[in-house]
Amino acid sequence: MSLSDWLSEPTNWVFLVVGLGVAGSAFRVVTSKNVVHAALYLVATLGGTAVLFLLLSAEFVAWVLVLVYIGAVIVLFLFGIMITRAPIGYDASLDNNRRGIAAVVSGALFLLMSWAAIDFFGSEPLQGIGEGTSTELLGESILGRFVFPFEIVSFVLLAALIGGITVARKDATPAESEEGV
Amino acid sequence: MTNFLLAAAEEEVHSAVEAAYTSGFWAEYAWIMLVIPWIAVLGIIFFGKRMKYLGAEIAIGMLAFNTIWASILFILNITKGVVYEGAVTIAEIGSNLIFELGWVVDGLSIMMYFVVSFVGLVIFIYAVGYMKGDVRVTWFFASFTIFAGSMLVLVGAPNLVQLIIGWEGVGVASYLLIGHYWEQKENSSAGMKAFFTNKVADIGLIIGAIMVGVTLGTFKFSELSNAAAEHADSLALVAGMIGALLFFGAMGKSAQFPFHIWLPDAMAGPTPVSALMHAATMVTAGVYLMARTFPLYQNLAEDIRPWMVAIATITLFAMGLLALVADDIKKVLAYSTVSQLGYMMVAVAAGGYTAGVFHLFTHAFFKALLFLGAGSVIHAVHSNNMSDMGGLRKDMPRTYWTFVIGSAALAGIIPFSGFWSKDEILVTLGHEGYTAVMWIAIAGAFITAFYMTRAIMLTFHGSYKGHGHPHESEPVMTVPLIILAGFAAVVGFLNIPGVEFGGRGNFTQWLGMREVVMGDHHPTAPDWGMAAIGLGAALLGVLAGLALFARDKATQQERDKFEIPALYPLLRRKYYMDDAALGLVWLIKAPFARAIDWINDYIIDGVVNTMGFLTAGLAQLVYGGLDQRGIDLGFNAFAYASGGSGERLRRLQTGRVQQYASVFVGAAVMFVIGFVIFG
Amino acid sequence: MTLAPVLVLAALLFSLGVYGLLARRNAVLVLLAIELMLNAVNINLVAFEAMLQDSLATGQVFAIFVITVAAAEVGIGLAIVLLIFRNRATANVDEFSLMKW
């Protein structure tokens with residue numbers, strides 16, 4: 001399939017625009033010299049991913065991504081940035097001095113994975129695009145066939161909740177507890 | 001089943017069992033008994049603090065309702081017989097494993113509904129008086145209601161999954177209640193000890209339940225019983241393993257040796273908690289599980305029954321001995337409970353379904369009575385130790401007389417309830433051919449009578465050794481004692497062999513009202529010979545107790561002299577192996593004991609010291625010559641070599657996580673590339 | 001629309017995540033990079049689901065599970081970062097080399 005064939009399909013145009021946006025903002029997430037900007041670029045990446053999910057007819061997952069990630073996780077990140085007093089604003093020392101090695105390793109990884117993707121699934125068509133997955137099907141699947149993983153994930157969340165509180169809680173020092181603080 | 005949560009509302013009820021009496025409103029709606037405790041818990045938490053008795057009203061009202069309902073079921077079962085099972089599907093796993101919540105109404109569960117509700121009700125009323133002025137009354141009643149409610153969920157369970165839910169609920173509630181006074185470290189530690197000990201045993205229960213589900217494709221008790229009764233081949237292959245695993249779980253909750261360790265520490269909770277835990281909830285759960293799955297043990301898992309009998313026998317005898325030396329009155333009762341649980345377990349394991357459960361039934365009344373009586377005494381003297389008590393007979397007459405009735409029932413004095421149930425256990429053991437175990441159980445009856453006499457003498461007779469002026473507890477505490485004393489005196493008559501009430505026989509037939517025939521042995525006429533032996537052992541125990549403890553030991557010195565200073569601490573430290581020997585020494589009393597003491601001090605110590613001296617000399621020789629010069633040289637050379645290489649290799653460990661990650665990802669990429677090229 | 005371009009995009013996101021994981025000093029930024037990698041996995045799951053048209057929607061279900069676990073991971077991760085920051089007054093990964101010899 002030639003490039004012109006590929007470009008003749010309108011969904012591919014949408015994919016191209018969204019994909020470039022996602023890739024560009026993801027690149028800025030890991031290279032930005034400003035911590036808050038990095039977090040906001042992650043929002044853009046995730047928003048683009050949500051559009052991509054809509055394109056792949058996974059509406060429910062797209063909205064879960066928007067709600068959970070953009071709504072909750074990013075807020076958590078911003079809190080983390082504020083609390084750890086990470087340098088807000090331009091900061092050259094956000095990267096360590098092994099960027100070269102990191103670039104080589106991740107570049108090799110990218111080449112390997114994209115080679116594998118193209119080699120094995122090069123012309124595999126995506127069926128049922130635009131048909132939409134019913135949320136009812138997802139619900140039945142989660143609470144039917146996958147109820148066990150579902151329960152385990154709920155347990156993981158509970159453990160994370162308790163663990164987060166326990167780890168981040170400020171324990172009184174011996175002197176403080178003697179004072180009854 | 002597509003609509004999971006709405007299913008509960010839709011009430012998709014299906015009766016699984018061919019029933020003798022199914023049309024009853026009371027059986028079909030028995031789930032209300034399992035549900036209202038949880039409504040009560042919410043009520044107590046949200047409104048309790050604003051009420052006059054801080055939420056106790058809700059808990060008591062709930063249990064009174066349940067008691068009435070259970071009594072109606074009890075009467076229906078006596079007159080017509082009730083077997084009913086209903087369930088609501090909660091979720092389907094895969095294509096054939098179904099999770100259900102439900103309620104089972106049959107002879108066994110009706111008996112348990114009644115015991116939990118009624119004994120619970122009496123204890124809750126008592127707790128209103130006992131907990132007055134406590135720091136966290138509302139919280140206490142909320143957890144207490146969770147405790148009773150979980151037990152109701154457990155005994156109403158038609159399948160293993162719901163049983164495990166109730167089982168864990170009981171465990172959590174016991175943790176909360178044992179650690180009720182968590183400001184003191186040892187109390188919260190006791191709670192954790194109970195919880196974790198049970199958790200270890202629960203592993204067995206859960207694995208056993210999974211094996212049942214995998215083997216039969218269902219967790220239902222009724223189908224398990226039917227498969228066992230029909231000797232189903234698939235089940236027969238793994239029955240021994242399932243039986244052992246379920247018993248392992250039951251050992252934890254029912255405090256069988258060696259899982260008994262949590263129970264004495266569990267006395268850290270308030271006394272009503274101990275009473276409920278020992279009488280109606282928690283510890284009876286294990287015996288209940290054995291009774292519920294009895295057809296499995298009766299028909300298929302016969303190989304492991306001798307092992308179960310052995311464990312239960314150790315429990316009933318060794319733990320009874322420990323009750324002989326405890327000074328804390330609640331610990332005396334705690335060890336006594338463990339010992340009585342051994343009786344129940346030995347009966348069920350030996351094949352006496354009715355005998356074991358009947359002992360559970362009578363034990364619930366008299367042990368609740370004894371704990372509440374002990375609580376009344378503790379309330380009056382503000383100490384748990386019997387060395388601070390004595391002479392309370394005159395000050396607390398109602399507590400005294402009810403305590404005596406409870407002790408007589410526990411010791412097995414005719415005509416109180418414990419006599420009939422213990423006699424039935426002895427008869428069962430004899431009939432099933434466990435003669436040696438039967439004689440140990442008779443010796444256990446002697447010990448039981450002995451330690452209860454000791455407890456009564458030290459607590460209520462002699463002279464008062466505590467501080468202040470003790471006085472009788474208020475009616476809200478003594479009336480429950482009197483009610484329980486009445487029941488402890490008479491419930492034994494329900495199961496006299498050969499004596500029948502109306503058309504449906506006696507307790508044996510009521511309890512046998514199950515989905516399959518239980519097929520255990522029922523004597524048709526009383527065995528007076530066995531009764532005489534059991535009663536004789538109990539009376540001997542009382543006499544021994546009186547002989548040793550009737551004389552008042554007014555001062556601490558006299559008590560100390562009696563307690564045999566050299567030996568007493570050993571027993572107190574629960575050296576199990578020493579128990580039997582030291583118990584004997586104690587019986588022989590002071591002169592012999594002093595002689596043994598003297599031998600211990602001069603002869604044995606001398607021998608030990610000489611041995612020690614010789615050993616030390618020899619060790620010095622070996623150490624200096626052989627070890628230091630010979631062997632150490634080799635070790636040193638080796639250590640030097642590994643130390644040197646470690647010194648060089650450790651430089652790889654920079655502690656920089658990202659460097660490790662680089663190496664890790666890079667190596668993975670290279671590995672995959674290599675795999676693609678060469679693979 | 002074909003599968004390969006989507007997979008390539010996911011591979012790019014994952015590699016950028018790995019780069020961020022290896023090159024960033026600030027612990028919060030490292031966590032951000034991990035989110036990128038998890039997101040790439042989600043794209044893969046949904047894309048394969050769209051290719052296979054599974055009757056149970058397995059890919060999407062597991063994408064939701066991954067999102068859930070990622071939320072838990074961020075919570076715990078930030079709690080740990082917070083604790084380290086409180087103890088050592090820095091959130092730079094290469095400054096708390098506690099595992100060093």
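The chains referred to below are lettered A, B, ... by the order of the sequence lines, with proteins before strands, and numbering in each begins at 1.
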Asker: Looking at C/Leu16, C/Leu22, C/Leu29, which one forms a side-chain contact (heavy atoms from CB on, under 4.5 Å) with A/Val30?
Answerer: C/Leu16
Asker: Show the nearest heavy-atom pair for residues A/Gly80 and C/Leu78, with the distance to one decimal.
Answerer: CA-CD2, 4.2 Å
Asker: Quick test of your reading: applying ring-ring contact (aromatic ring centres under 6.0 Å, His included), list the pairs with at least one residue in residues 13-64 of chain C, sequence neighbours left out, ordered by first then second residue.
Answerer: A/Phe121-C/Phe48, A/Phe146-C/Phe62, C/Phe62-C/Phe65
Asker: Any side-chain heavy-atom pair from A/Thr45 and C/Leu13 closer than 4.5 angstrom?
Answerer: yes
Asker: Side chains of C/Leu9 and A/Phe15: closer than 4.5 Å at any heavy-atom pair?
Answerer: yes
Asker: Check the pair A/Tyr41 / C/Leu32 against side-chain contact (heavy atoms from CB on, under 4.5 Å), numbers first and verdict last.
Answerer: CA-CA 10 Å; A/Tyr41 276 120; C/Leu32 279 179; over 6 Å; no
Asker: Is chain C contacted by the side chain of A/Ala26, its backbone, both, or neither, given a heavy-atom distance below 4.5 Å?
Answerer: both
Asker: Are any non-hydrogen side-chain atoms of A/Tyr69 and C/Val74 less than 4.5 angstrom apart?
Answerer: no
Asker: Indicate yes or no: at least one non-hydrogen side-chain atom of A/Leu65 is less than 4.5 angstrom from one of C/Asn39.
Answerer: yes
Asker: For A/Arg99 and C/Ala23, work out which heavy atoms get closest and say how close.
Answerer: CG-CB, 3.7 Å
Asker: Counting C-beta onward and ignoring hydrogens, is there a side-chain heavy-atom pair between A/Phe150 and C/Val61 closer than 4.5 Å?
Answerer: no
Asker: Could you check if a side-chain atom of A/Phe110 sits within less than 4.5 angstrom of a side-chain atom of C/Val8, using non-hydrogen atoms only?
Answerer: yes
